[in-house]
Amino acid sequence: MPELPEVETVRTGLEDALKGATIKKVELKRANLRFEFPEHFAKKLTGATIESIGRRAKYLLFHLDNCMVLIGHLGMTGRFSVEKPPKTYGKHDHVVFTLTDGRAVIYNDARRFGFMTLSSEKELSENVFLADLGPEPLEKEFSAKYLEIQLLRRSGPIKTVIMGQGLVVGVGNIYASEALFLAKIDPRKPAKKVADNSAELVKAIRAVLKDAIKSGGSSLRDFVQVSGESGYFQHHFNVYGRAGKPCITCHTPIKNLRMAGRSTFYCPHCQK
DNA sequence: CCTTGAACCTGCGGGC
DNA sequence: TGCCCGCAGGTTCAAG
């Protein structure tokens, strides 16, 4: 599910559902997801109360009352649902937290690119997964000036560069294409040469992400309660997944190509 | 340092 | 119906 807007949508839903909830039991249906669970994972979570749920980049941060933080990543296919304990669990239901109020928090992840780990509250910012991340795209630190400086020292194609989480977090494969369309920049253009357009690019990235968060929010309730798939593909994209279809602006067919192993969509006429 | 490509894993849809 | 191929929202690691 996961680019920043989807993770943010999940975060909001989980916080609504789980704030103040206490974990009574932790069940691991297998020894690992992408990584092994940390030592004493279940034990450290059992009895803890969830005080709040935050987000950094595409990571969910469950702040607990025992000075620990459960760090979760959804990978490509990770999903959380909060519901009455089902009679039987699905093939890819890997983690279950049973709450003291009887509800079950189920983490399902077919491809298992997601993972969970723990950090102390104190050492959170030095956590290996969080330490080297770039600024949040919707925060002030992600400014035109900052982006300009970053772009000037990169030689790779702009699309690949903005997807790197060290430069700015949260821009994944879909929204990279979408943001570049909005900013009218060819995804193949060397990052250096886009430095002059930093202000537009910052604006486009923010606009695309904000818009997606907004539309994700409306279908949120369904998302968390049922283990459904609302949100993502109901969203309308300008270029992503629209190869051969007319550009919404000039009607030129949208092109699709592969960059760094990822499919990329752009309008050859509008994006220079 | 930066960039690229392969790897991780499962499911789905298309073509034959 | 079934098999094979390519493809999918992300990140890490090794190597150039």
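Chain letters run A, B, ... following the sequence lines, proteins first and then strands; every chain starts at 1. Bear in mind that the values here come from a model prediction, so they are computed numbers and not experimental data.
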Validation row, ring centre A:Y59 to ring centre A:H73 under 6.0 Å: yes
Ring centre gap for A:F181 and A:Y175 strictly below 6.0 Å: no
Distance, rounded to the nearest Å, where A:R112 contributes CZ and C:dA8 contributes C1': 17 Å
Salt bridge (Lys or Arg N to Asp or Glu O under 4.0 Å) pairs, two or more places apart, involving residues 115-130 of chain A: none
Spacing of A:M76 atom CE relative to B:dC9 atom C1', expressed in whole Å: 10 Å
Rounded P spacing from B:dC9 to C:dC3 in Å: 23 Å
Co-members of A:Y266 in a cluster of I, L, V, M, F, W and Y side chains, linked at under 4.5 Å: A:L257, A:M259
Whole angstrom value for the distance that separates C1' of C:dA8 from CG of A:L74: 15 Å
Salt bridge flag under 4.0 Å for residues A:E200 and A:K203: no
Interatomic distance, A:Q165 CD vs C:dG10 P [rounded to whole Å]: 8 Å
Spacing of A:K29 atom NZ relative to B:dT10 atom C1', expressed in whole Å: 20 Å
Heavy-atom protein contacts under 4.0 Å, nucleotides 2-8 of chain B, coded B base, S sugar-phosphate only, - none: SSS---B
Spacing between A:L33 atom CG and C:dG10 atom C1', to the nearest angstrom: 14 Å
Closest listed nucleotide, where the reference is the side chain of A:H92 and the choices are C:dT12, C:dG10, B:dG11: B:dG11
Within 6.0 angstrom of A:K184 NZ, more than 12 heavy atoms from elsewhere: no
Whole-Å gap separating P (B:dG11) and CZ (A:R79): 12 Å
B:dT10 phosphate, OP1 or OP2, under 4.0 Å from A:K91 side-chain N/O: no
For residues 110-117 of chain A, please give each side-chain donor-acceptor pair under 3.5 Å, one per line with the distance, not counting sequence neighbours.
none

Secondary structure of DNA chain C in dot-bracket form (Watson-Crick or G-U wobble, distances below 3.5 Å, | marking inter-strand pairs): .|||||||.|||||||
Length of the line joining A:D109:CG and C:dA8:P, which is rounded to integer Å: 18 Å
Touch class at under 4.0 angstrom, heavy-atom based, for A:R262 against every strand present: base
Among C:dT11, B:dG11, C:dA8, the nucleotide that comes nearest once only the side chain of A:Y240 is considered: C:dA8
Presence of A:T77 side-chain N/O under 4.0 Å of B:dT10 phosphate oxygens OP1/OP2: no
Sequence neighbours excluded, every pair satisfying salt bridge (Lys or Arg N to Asp or Glu O under 4.0 Å) that has a member inside residues 56-75 of chain A: A:R56-A:E136
Ring-face cation of A:K29 near A:Y89 (centre distance under 6.0 Å, axis angle within 45°): yes
